[in-house]
Visitor: 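Could you have a look at this structure, given as structure tokens, before my questions?
Source: prediction; values computed, not measured.
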Amino acid sequence: MAGNKKEDAAPPTTITTTANDKSKDIKKDETPQLPPVEAAARRLERLYGGGLSTSSKTATALPINTTKIMKKWLGASSGTAGNATMASVAACAEKTLDPTGVCVTGREILMGLCSEEDRLAVAVKKDDDAADGKGEEGGDAMMEEDAASSTTPEYLSLTCREVESWLMTLAVRIYWRAGKLQEAYDLITKGLQLLDAHLVDSGNTTTTTAGGLYPLLARMLRYRSLIMESLLTSSNSDDDTYAKLCSDTRIELASRHTHAVLRRDADVSATILNLHLRELLLSDRVEQAQKLISNSTFPTDAASNNQLLRYLYYSGRVQALRLEYTQSYSNLSQCLRKCPTNTGLGFRIAVQRLLVVVQLLMGEIPDRSVFFGEGMRGELRPYLEIAQAVRRGDLAVFHETVGGHAERLRMDGTYTLISRLAHSVVKAGLRRLKTSYSRISLEDVASRLGLPSATSAEFVVAKAVRDG
């Protein structure tokens with residue numbers, strides 16, 4: 001019986017592939033490979049509903065939130081933007097922006113950023129990469145793709161304004177990272193003028209919406225602010241010229257912030273508020289920064305996480321400089337908790353440095369594990385030594401430690417706050433002497449705490465007794 005069952009068993013299943021299935025597999029594996037920047041631009045067009053047939057457009061003709069789509073697309077395209085080159089940006093502008101459309105000026109500006117040979121090199125590289133992935137069996141599929149691409153519109157129709165502004169930001173960032181500050185500033189000025197013109201056109205037309213342009217406007221304003229800071233700190237800058245430029249920009253940003261609040265644009269209003277706070281802190285106008293914080297409302301619920309983190313950091317810094325250590329500690333702790341752990345190490349280090357100083361000013365000694373976090377060991381070593389000096393309560397050791405790291409502390413912007421720690425060092429030293437001795441002379445107190453004389457020790461002890 002067992003043998004019969006074995007003989008009657010069903011034969012192994014075999015899958016026969018027809019010519020149809022083969023052609024489908026070839027088409028699936030051999031989709032045209034576009035350069036990353038151009039592929040990202042065409043993906044945004046599809047997200048807006050472009051490139052669909054008439055029946056599909058009718059079936060999916062629903063209102064879309066362009067601002068939300070743009071913010072998600074910018075986040076998904078951050079890797080592509082980080083690896084973009086000037087040639088790929090110019091080639092994308094040539095392939096996606098219509099030379100007879102509304103973006104003709106931006107197209108010409110972007111194409112003029114590099115030579116025609118560089119733009120052609122991007123296309124040749126794309127064709128070589130696509131050819132390497134295709135075998136002899138893919139000849140029919142290539143012919144079908146060429147036929148399909150000949151009927152597909154080459155230029156973007158729904159997102160040409162957004163893609164033009166995005167390409168402008170990529171080119172500006174490339175210039176800025178390369179140290180070409182003046183070229184970056186000239187380009188971002190032209191980009192803002194074109195974007196403002198697109199916003200006016202979108203407001204006058206009923207067929208287009210400007211929602212997707214506002215996140216790009218916020219990004220452009222931030223890039224311009226960073227470039228202007230770099231120009232001010234560069235050695236070949238004219239102080240009077242750029243001081244006037246900063247004054248004019250401050251007035252413009254105030255006007256833009258008012259309009260952003262009126263149209264309930266959280267991205268632009270949050271970005272401009274942070275830019276104002278950053279500029280005021282860099283120029284040491286702490287009281288004006290505090291007035292700005294108290295007289296404005298940050299869109300906490302609608303703003304992006306990055307802008308919220310910046311606002312918490314700037315607020316905590318202002319409050320620390322104004323001796324409001326408890327509120328500063330609360331904001332900085334919240335900022336550190338909300339920071340992403342997989343990126344932004346430099347920002348997390350800056351927040352942790354300031355938080356350590358605020359804890360010391362509050363009379364607390366930070367936990368030792370704080371100084372040995374991933375990527376923070378070297379950056380926080382000066383603060384670890386200062387915390388150890390405060391814990392010892394020796395004023396001479398504290399001054400020696402601060403003097404050894406004075407240049408580094410000034411670069412970090414924490415020297416002013418750390419100079420206030422001398423009183424905390426004395427209090428910590430008195431606390432240790434109180435627990436160790438029932439009676440001690442003022443000369444010994446001055447010697448143990450590193451004070452210049454017994455008279456100084458007398459005043460310090462009197463103040464400590466009065467404070468309880």
Side-chain angles (χ1 to χ4, degrees), residues 30-51 64 66-98 103 106-107 109-111 113-114 118-130 132-133 149 152 154-178 180 184 187-188 191 194-195 211-223 226-227 267 271 304-307 340 342-346:
E30 301 187 3
T31 52
Q33 294 185 7
L34 297 173
V37 178
E38 184 180 346
R42 297 196 181 278
R43 184 165 61 248
L44 179 63
E45 179 82 2
R46 291 194 299 272
L47 290 173
Y48 270 52
I64 59 174
T66 54
T67 304
K68 187 176 181 180
I69 291 175
M70 174 58 68
K71 290 164 71 173
K72 287 188 175 181
W73 176 79
L74 286 173
S77 305
S78 59
T80 301
N83 298 325
T85 61
M86 198 64 79
S88 63
V89 170
C92 179
E94 184 180 15
K95 295 290 186 183
T96 58
L97 301 180
D98 191 350
C103 296
R107 184 178 187 268
I109 293 174
L110 291 167
M111 287 176 60
L113 297 177
C114 67
D118 294 336
R119 298 198 302 270
L120 290 175
V122 176
V124 169
K125 185 177 184 301
K126 173 202 72 171
D127 295 338
D128 292 343
D129 293 343
D132 291 341
S149 63
T152 306
E154 184 179 0
Y155 301 116
L156 304 180
S157 58
L158 298 179
T159 59
C160 57
R161 297 176 175 86
E162 287 83 354
V163 169
E164 178 199 53
S165 301
W166 178 61
L167 293 176
M168 283 284 185
T169 61
L170 297 188
V172 166
R173 185 163 67 171
I174 293 171
Y175 272 145
W176 180 47
R177 288 183 171 180
K180 300 178 180 179
L187 186 58
I188 197 65
L194 291 173
L195 184 53
L213 292 172
Y214 290 124
L216 293 167
L217 174 61
R219 179 170 291 195
M220 280 194 176
L221 292 173
R222 173 161 173 76
Y223 280 170
L226 294 175
I227 292 167
D267 295 308
T271 301
S304 65
N305 188 58
N306 290 346
Q307 296 300 331
N342 59 342
T343 186
L345 177 61

Visitor: Apply the test side-chain contact (heavy atoms from CB on, under 4.5 Å) to residues Arg42 and Leu156: give CA-CA distance (whole Å), side-chain angles for both, the deciding distance (0.1 Å), then the verdict.
Guide: CA-CA 7 Å; Arg42 297 196 181 278; Leu156 304 180; 4.0 Å; yes
Visitor: Testing the basics here: between Ser78 and Gly75, what is the closest heavy-atom pair and its distance to 0.1 Å?
Guide: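 Here Ser78 and Gly75 meet closest at OG-O, 3.0 Å.
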Visitor: What distance do Ile109 atom CD1 and Glu164 atom CD have between them, rounded to the nearest 0.5 Å?
Guide: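 Those atoms lie 7.5 Å apart.
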Visitor: What is the minimum heavy-atom distance between Leu110 and Ala171, and which atoms define it?
Guide: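 Reported closest heavy-atom pair: CD2-CB, 4.4 Å.
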Visitor: Set out, in order, the CA-CA distance, both residues' side-chain angles and the distance that settles side-chain contact (heavy atoms from CB on, under 4.5 Å) for Tyr175 and Leu113, then state yes or no.
Guide: CA-CA 10 Å; Tyr175 272 145; Leu113 297 177; 3.7 Å; yes
Visitor: Assess the residue pair Leu167 and Cys92 against the criterion (side-chain contact (heavy atoms from CB on, under 4.5 Å)); give the C-alpha distance rounded to whole Å, side-chain angles, the decisive distance to 0.1 Å, and a yes or no.
Guide: CA-CA 8 Å; Leu167 293 176; Cys92 179; 4.0 Å; yes
Visitor: Drop me the distance from Trp166's CH2 to Leu216's CG, to the nearest 0.5 angstrom.
Guide: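 Those atoms lie 10.0 Å apart.
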Visitor: Taking all atoms of both residues into account, what is the closest heavy-atom pair of Tyr155 and Glu94, and its distance?
Guide: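 Heavy atoms only, the tightest pair is CE2-O, 3.7 Å.
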Visitor: Which atom pair, heavy atoms only, marks the closest approach of Ile174 to Ala84?
Guide: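 Looking at all heavy atoms of both residues, the closest pair is CD1-O, 3.6 Å.
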Visitor: Listed by chain and number, what are the side-chain hydrogen bond (donor to acceptor under 3.5 Å, both in side chains) partners of Thr159, not counting sequence neighbours?
Guide: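 Only Glu45 meet the side-chain hydrogen bond (donor to acceptor under 3.5 Å, both in side chains) criterion with Thr159.
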Visitor: Calculate, to the nearest 0.5 Å, the distance between atoms CD1 and CE belonging to Ile188 and Met220 respectively.
Guide: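 Separation between the atoms: 5.0 Å.
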Visitor: Under a 3.5 Å distance rule, please check whether Ser165 uses its side chain to pair with a backbone N or O of Glu162 as donor and acceptor.
Guide: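 It does not hold such a pair.
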Visitor: Please tell me if the side chains of Cys103 and Cys160 come closer than 4.5 Å, counting only heavy atoms from C-beta onward.
Guide: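 They are in side-chain contact.
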Visitor: Checking Leu44 against Met70 for the side-chain contact (heavy atoms from CB on, under 4.5 Å) test, could you report, in this order, the C-alpha distance in whole Å, the side-chain angles of both residues, the deciding distance, and whether it holds?
Guide: CA-CA 8 Å; Leu44 179 63; Met70 174 58 68; 3.8 Å; yes
Visitor: So, taking the atom named CG in Leu187 and the one named NZ in Lys180, what distance separates them when rounded to the nearest 0.5 Å?
Guide: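 Atom-to-atom, Leu187:CG and Lys180:NZ are 12.0 Å apart.
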Visitor: Using side-chain contact (heavy atoms from CB on, under 4.5 Å) as the criterion, list what pairs up with Asn342, not counting sequence neighbours.
Guide: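 Expected list: Pro340.
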Visitor: Quick check for you: to the nearest 0.5 Å, what is the distance between Thr80 atom OG1 and Leu74 atom CG?
Guide: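 Those atoms lie 11.5 Å apart.
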Visitor: Supply the atom-to-atom distance Thr169 OG1 to Trp176 CH2, rounded to the nearest 0.5 angstrom.
Guide: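 Result: 12.5 Å between the selected atoms.
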Visitor: Any side chain to side chain donor-acceptor pair (under 3.5 Å) involving residues 67-76? Give me the pairs, sequence neighbours left out, ordered by first then second residue.
Guide: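 Found Lys71-Asp267, Trp73-Ser77.
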Visitor: Mind checking side-chain contact (heavy atoms from CB on, under 4.5 Å) for Leu221 and listing every partner two or more places apart, or none if nothing turns up?
Guide: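 Here the qualifying residues are Leu192, Leu217, Arg224, Leu253, Arg256, Val268, Ile272, Leu275.
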